[in-house]
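These figures come from a predicted structure and were not determined experimentally.
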Amino acid sequence: MNIYTKETCRPLLYRPFEEREEVASVRAILNEIRTRGDEALFEYERKFDGASLDGATVRVSEAEFERAYAAVDSTLLGSLKRAIDNVLSYHMREGRKDCLHKSGGALTGYVVRPVGSAGIYVPAGTAPLSSSVLMAVLPARAAGVKRIAVATPAKGGAVHPLTLVASRECGAHEVYKMGGAQAIGAFAYGTQSVKKVDVIAGPGNIYVTLAKKEVYGQVGIDMLAGPSEIAIVADEYADADCVAADVLSQAEHDVLARAIVIVTSRKKAEEIAACVEQRLQALLRKEIALQSLENNGGIVVVQDTAEAVALCNELAPEHLELYTRDCGQLLDGITSAGAVFLGAYTPEPVGDYFAGPSHILPTGGSAKFFSVLNEDVFTRKMSVIRYSREAIERDARDIAALARSEGLEAHALAALSRTEEKK
């Protein structure tokens with residue numbers, strides 16, 4: 001890994017979501033799905049996933065679920081179920097909390113209601129990411145969504161067995177064999193075989209992300225997520241080999257993944273770089289990780305942990321590991337990150353698979369304004385107002401004055417009509 005100073009690391013820091021040349025293709029696909037429905041959906045599935053589907057086969061059948069369960073090792077199924085318990089318990093304890101307040105004859109506040117339906121996108125590009133089923137379906141389930149539909153690419157017509165088993169174990173109601181922008185279009189607009197949804201959530205490649213951006217407003221979305229990324233703050237306390245392992249756990253995702261280490265000494269930077277090189281040689285996805293590190297990774301040497309925290313807040317990384325002796329104190333200064341992992345024994349994969357919080361997180365600096373995917377994505381707050389006769393008598397004159405200041409006489413009279421003044 002290349003080693004930088006605070007002054008030379010600027011190109012590493014900025015990777016916001018940008019318009020891409022793929023946007024024209026995405027718009028064309030979405031328009032075809034909107035206007036031709038199933039016909040276009042199945043054409044794109046043949047073209048991009050090599051899947052020959054029709055209205056009878058696009059939705060996963062019970063027989064396919066049975067074959068998937070038979071194909072999944074019982075030990076792996078046990079691990080999956082324990083992860084589901086952790087993730088569901090975490091999101092259920094957040095709860096859906098109404099907030100109503102009475103004062104002076106007026107009741108005001110809001111009630112929380114789940115959306116009617118959610119479409120969950122589960123990638124299956126360079127690797128089947130069945131863990132993403134847990135991280136999006138379970139927050140929707142905790143929110144109380146009545147219809148949860150999963151879409152995932154079926155390469156050659158088949159979905160990975162663990163993805164199907166995870167979908168069934170998590171409580172998804174429907175699973176569709178469709179991927180890419182065409183899947184987002186089907187969820188957003190509906191086709192003859194796929195009912196539209198209210199909210200679309202889940203990670204995906206650039207085509208999926210651009211499609212979500214295009215259909216936002218037709219449906220709700222969770223966020224615009226780009227390639228995965230990690231920042232690791234390490235001091236002299238950090239084990240260089242463990243830091244290297246964490247770097248590669250991110251770099252192996254994708255050639256566009258980004259791994260940045262921020263250290264407080266040049267010596268530690270050199271130790272980590274050497275450990276990364278050594279571990280890289282035995283990595284199964286070596287070429288992917290190598291390209292990721294060469295193009296998007298680096299080690300930044302800073303003066304102290306205070307400077308490291310400032311750099312992290314500027315970066316607003318998707319994943320942030322604070323691998324320092326005083327990690328708890330550093331957390332107080334962190335304002336922008338998707339998820340924070342504290343201490344020597346909390347590598348990022350703990351969050352990817354098992355701890356409880358969703359691993360679907362804002363990237364590219366968008367943690368400054370987006371949150372981790374959680375049950376709030378699948379709920380709405382509705383305002384509730386109730387006035388007593390005494391309350392309207394007290395406030396009607398002020399309401400009328402404000403309405404008349406905007407030239408809205410009928411608004412004023414609607415308030416005054418409940419009082420003895422009437423006008």
Identify every side-chain donor-acceptor pair in residues 102-117 under 3.5 Å, counting partners at least two apart or on other chains, and give the distances.
{"from": "S117", "atom 1": "OG", "to": "D198", "atom 2": "N", "distance (Å)": "3.1"}
{"from": "S117", "atom 1": "OG", "to": "D198", "atom 2": "OD2", "distance (Å)": "3.3"}

Within the structure provided, determine whether [X] and [Y] are in side-chain contact (heavy-atom separation under 4.5 Å).
{"X": "Y90", "Y": "P139", "value": "no"}
{"X": "L77", "Y": "L80", "value": "yes"}
{"X": "V219", "Y": "F187", "value": "no"}
{"X": "S167", "Y": "V137", "value": "no"}
{"X": "Y69", "Y": "E169", "value": "yes"}
{"X": "M135", "Y": "P203", "value": "no"}
{"X": "E318", "Y": "S228", "value": "yes"}

Q: Report yes or no: does K212 contribute a side-chain atom to a donor-acceptor pair with the main-chain N or O of G204 at less than 3.5 Å?
A: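 A pair under 3.5 Å: no.
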Q.
Using a 3.5 Å distance criterion without hydrogens, assess whether the side chain of T419 forms a donor-acceptor pair with backbone atoms of E393.
A.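 Between the backbone of E393 and the side chain of T419 there is no qualifying donor-acceptor contact (under 3.5 Å).
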(Q) Among residues at least two apart in sequence or on other chains, which ones pass salt bridge (charged side-chain N to carboxylate O under 4.0 Å, His left out) with E390? (A)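 With neighbours one apart ignored, the set is empty.
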(Q) The criterion is salt bridge (charged side-chain N to carboxylate O under 4.0 Å, His left out); which residues satisfy it with E236, sequence neighbours excluded? (A)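 None.
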Q: Applying side-chain hydrogen bond (donor to acceptor under 3.5 Å, both in side chains), run through T346 and E321 and close with a yes or a no.
A: CA-CA 8 Å; T346 321; E321 288 187 12; over 6 Å; no
Q: With P227 as reference, evaluate N296, L256, T209 under the side-chain contact (heavy atoms from CB on, under 4.5 Å) test and give the passing residue.
A: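 With P227 as partner, side-chain contact (heavy atoms from CB on, under 4.5 Å) holds for just one option, L256.
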Q: Check E22, E214, E32 against R27 for a side chain to side chain donor-acceptor pair (under 3.5 Å) and give me the one that passes.
A: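 Of all the options given, the one that passes is E214.
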Q.
Parallel, tilted or perpendicular, judged at 30° and 60°: which one describes the rings of F341 and H319?
A.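 Geometry flag for H319 against F341: tilted rings.
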**Q.** Derivation and outcome, salt bridge (charged side-chain N to carboxylate O under 4.0 Å, His left out), residues E314 and R10
**A.** CA-CA 10 Å; E314 186 176 354; R10 311 317 291 179; 2.3 Å; yes
